[in-house]
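Step one of this worksheet: look at the structure below.
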Amino acid sequence: MNFDQARREMVSRQIAARGVRDQRVLAALEQVPRHLFLSEIQQAAAYGDHPLPIGEGQTISQPFMVASMTEALGLTGSEKILEIGTGSGYQAAVLAVLARQVVSIERILSLAEKARARLKSLPADNVVVHVGDGTLGWPDSGPYQGIMVTAGAPATPKPLLAQLDIGGRLVIPVGSRSSQVIEIHTKTGIDSYSIRKDTACRFVDLIGRHGWEC
Ligand code: SAM
């Protein structure tokens, strides 16, 4: 299988064709080898238009969702980003190409360990993966110029809003356990935000103190 060609086709047919315009995002998706974030048995399906299982009942998100949520952060390259839900590590690797630093939190130890190993084998030395409840954020490294939550939440966790820098954006799927809408919160002042609602989606649960119960 020619993974480079499959990746180029994924970007043009699934992502650019559906309206993602940010050239830096398109280039990052073309650069990061998505198949390396999957088990060998899944690799042939890596560039398909769907999420895939990564073990522990979790998934790597559909490529279009990765691109669209990343574009919504509006990155220029100088930002420190917090990601909640490391999963396979793929989204963190994409963010690492586009931002200065990435802090990613995963609640399942075995996934965090695998993601760390994959990220280490790439040129992605600006990512750190922590194990914990990401609904609490990671205040020691904040504030963040962007925060991305890659699991579905019943509501936006307040600690994440508090750790967002003024001018920064928080991108999060919010809704019921079976369907959500991507919300983009922009922090306009110490305690003020604007909210825009984007694509309908379906993510696995965000589980934690400010998320769903286990
Ligand atoms: N971004 C991932 C990737 O690129 O593979 C996909 C993430 S997967 C859709 C959602 C992940 O969020 C799962 O790995 C899940 O264990 C994790 N998760 C759920 N609740 C969490 C929490 N409170 N803190 C950290 N991670 C959480």
Side-chain angles (χ1 to χ4, degrees), residues 7 10 15 25 28-29 31-39 42-43 45-48 50-70 72-73 81-99 102-119 122 124 127-139 141 144 146-160 163 170-175 177-180 182 199 201-214:
R7 198 156 58 246
M10 171 192 85
I15 297 173
V25 172
L29 270 283
Q31 179 184 328
V32 177
R34 180 173 163 92
H35 60 283
L36 297 184
F37 292 83
L38 289 160
S39 63
Q42 297 280 359
Q43 289 192 356
Y47 297 100
H50 41 66
L52 285 165
I54 55 171
E56 307 283 357
Q58 307 302 320
T59 54
I60 182 174
S61 306
Q62 178 195 27
F64 173 72
M65 284 313 304
V66 172
S68 159
M69 290 173 74
T70 304
L73 285 174
I81 303 296
L82 178 66
E83 181 201 17
I84 313 303
T86 315
S88 68
Y90 173 67
Q91 173 74 73
V94 170
L95 292 170
V97 173
L98 296 165
V102 181
V103 176
S104 185
I105 309 178
E106 172 54 54
R107 64 180 282 275
I108 301 175
L109 174 64
S110 62
L111 293 180
E113 284 174 340
K114 271 196 223 162
R116 278 186 190 129
R118 289 174 181 133
L119 290 162
L122 292 178
V127 185
V128 57
V129 176
H130 297 295
V131 178
D133 177 2
T135 69
L136 302 171
W138 201 265
S141 307
Y144 302 95
I147 301 179
M148 183 188 291
V149 182
T150 64
T156 304
K158 289 211 163 53
L160 301 184
Q163 289 165 41
L170 164 61
V171 180
I172 179 169
V174 177
R177 285 185 119 133
S178 57
S179 78
Q180 306 92 35
I182 299 292
T199 329
C201 53
R202 183 176 185 172
F203 277 80
V204 296
D205 292 348
L206 180 73
I207 293 168
R209 183 155 353 141
H210 300 270
W212 296 103
E213 276 180 26
C214 214

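Atoms within a ligand are numbered from 1 in the order they appear, just like the ligands themselves. Small disclaimer: the values here were computed from a predicted structure and weren't measured.
Both the backbone and the side chain of Leu206 come within 4.0 Å of ligand 1, counting heavy atoms alone. Heavy atoms of Gln91 found under 4.0 angstrom from ligand 1 belong to the backbone as well as the side chain. Within the 4.0 Å heavy-atom criterion, the part of Leu111 lying near ligand 1 is the side chain and not the backbone. Counting heavy atoms closer than 4.0 Å to ligand 1, residue Val204 contributes side-chain atoms (C-beta onward) but none from N, CA, C or O.
By the 3.5 Å distance cut-off applied to N or O atoms, Ala92 is not counted among the residues near ligand 1. Taking only nitrogen or oxygen atoms, main chain and side chain alike, Ile108 does not reach within less than 3.5 Å of ligand 1. By the 3.5 Å distance cut-off applied to N or O atoms, Phe203 is not counted among the residues near ligand 1. Distances between N or O atoms of Glu83 and those of ligand 1 include at least one value under 3.5 Å.
Every atom of ligand 1 is numbered from 1 in the order shown, and the set under 4.0 Å from a heavy atom of Ile60 is 5 (O).
Remark: distances from the non-hydrogen atoms of Val66 to ligand 1 are all 4.0 Å or more. Within the structure, the closest approach of Thr86 to ligand 1 falls below 4.0 Å when heavy atoms are considered.
No hydrogens or angles considered: a donor-acceptor pair under 3.5 Å links the side chains of Glu56 and Ser110.
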